[in-house]
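Quantities reported herein were computed from a predicted structural model and do not represent experimental measurements. Along the sequence shown, residues carry numbers from 1.
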Amino acid sequence: MLRTLRGRFIISHVLPLFVVVPLMGLALIYVLETRVVLPNLIDELTGEAVLLADLARAQPAIWSDPGQARGFVTRVAPHLDDRVMLLSPDGRLLASSDPSDRSRIGTPIAPPGLASATGGRLSVRTIHSRRPDVEIVDVLEPVERAGGGLAGFIRVTLSAETVIDEFFKRRNLIAGTLAGGILVGSAIGWVLAVNLGRPLQQVTTSVEELAGGERWTPLPEPPLEEMGALVRAFNGLVVRLRKMEDARRQLLANLVHELGRPLGALRSAIQALQRGAGERPDLRQELLSGIDDEIGRMGRLVEDLAQVHDRILGSLELERRDVNIPEWLRHAVTPWAAAAARKGLRWTVAVPPDLPPAKIDPDRLAQAMGNLVSNAIKFTPEGGAVSVAAGVEDDDLWIRVEDTGPGIPPGEQERIFEPFYRGRGSHRFPPGMGLGLAIARDLVTAHMGTLELEGNQGTRFTIRLPLHPS
């Protein structure tokens, strides 16, 4: 049982009940017997003795007439659970409610406390004993004559047997209550342990199924706070693994397409060279140029995948230094002017020469700019325009890439920054891996900046970088 959390929880919940509750019960019984029950009995007997003394004082004949004495005791005895005696001033027994005392009628019995009671004071004596034949409470009340003088004594005694019976009644009640409490506590502990173990077992089973690829659905969240946190963590893991699996499948599909196209072009060029195309200098140069272009595209693909690898591992590092922004930005975007011209696009660069320097990683940020400009040129139809601008606002450097392409629907404007995501308007395998914008935003974020998008009609990407990053 100790090898399971449920068993340990039951033991930890029930064991204190079996130890603490009996000890508390014993302490409670002792307190009740010594501080409550016995004092109450003494007070009750004292009150009875005083009341009987008042009754006896009104019947002086009982002290001289044995018949009257027996009649008095016979009348009051049925109403009392105690033994009642009438004693003469010298301690002789005149009458008793106990039939076993008949043989002692007329003989002195000299009860304890007689000397004190002879002085006119009530005498109460208590003996702690469990022998049934021992009077553990003895009350002796003196009775004075109407004209003065001592008429006799009223003696009320309570045997141990009566007290023990009273104690047993209360002990049985307390014991039954404590036993019921232990049973109820044990049942509650068992129910709590089962309720604790069930969600743990569910999570364990789900983890095993998840490891075997059998389960990809989240678990319902239990009401217990700690278990709820565990289930939420598991559900977050399920969602993350599902996204990673979807990304893996998308990556494989994209890789097949992106690697298949240049490899097919390379093979066609090589086969053409093998069939004699290399003998013509102009055709050979064209084929070699095409091979170089395809290898360049594959190189950029490898770079994008490397960026994704750094993103996943969290190892994206920057080499910051103070950079002249106008000079750097013009150098970074100049290679794209030719691509825009080949597609018939209007190309504009507006960079003020007085922009302050900024502490950036020029290579990394140039890669982000290249991804933005490449997308702008790719999705802008012939005859459109692509512009690059920069400026300073509120101690922030902003760099904007804007095009007159079809724009991006509002519902997709956040998702386009996800790796491998391509908009619904694109065909089945559009060029690229769907990594450019994700990499661009990661690089900008690494510079403690933001990448903003406005794209209902045309698309505008704005990079904002703090000039004085903390």
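Thr459 is not listed as a side-chain neighbour of Glu454, based on a closest heavy-atom distance of 4.5 Å or more. Here the side chains of Leu467 and Leu465 are not in contact, with every heavy-atom distance at 4.5 Å or above. Using a 4.5 Å heavy-atom cutoff, the side chains of Ile62 and Leu86 are in contact. Two residues are said to be in side-chain contact when any heavy atoms from C-beta on lie closer than 4.5 Å; Arg232 and Asn235 fail this criterion. No side-chain heavy atom of Val139 sits less than 4.5 Å from a side-chain heavy atom of Arg155. The closest side-chain heavy-atom distance from Asp322 to Ile360 is not below 4.5 Å. The shortest distance between side-chain heavy atoms of Arg441 and Phe461 does not fall below 4.5 Å.
Salt-bridge check for Arg57 with Glu144: failed, with every basic side-chain N at 4.0 Å or more from each acidic carboxylate O. Using a 4.0 Å cut-off between charged nitrogen and carboxylate oxygen, Arg460 and Asp403 do not count as a salt-bridge pair. Contact check on Arg83 versus Asp98 returns a salt bridge, with a Lys/Arg side-chain nitrogen under 4.0 Å from an Asp/Glu carboxylate oxygen. We find that Arg464 and Glu393 are joined by a salt bridge, their nearest charged nitrogen and carboxylate oxygen being less than 4.0 Å apart.
Val388 pairs in a side-chain contact (heavy atoms from CB on, under 4.5 Å) with only one of the listed residues (Met369, Glu402, Arg400), which is Met369.
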Exercise for review: Start with the C-alpha distance between Val124 and Leu122, add both sets of side-chain angles, then the distance that settles side-chain contact (heavy atoms from CB on, under 4.5 Å), and finish with yes or no.
Suggested key: CA-CA 7 Å; Val124 179; Leu122 176 70; 4.1 Å; yes
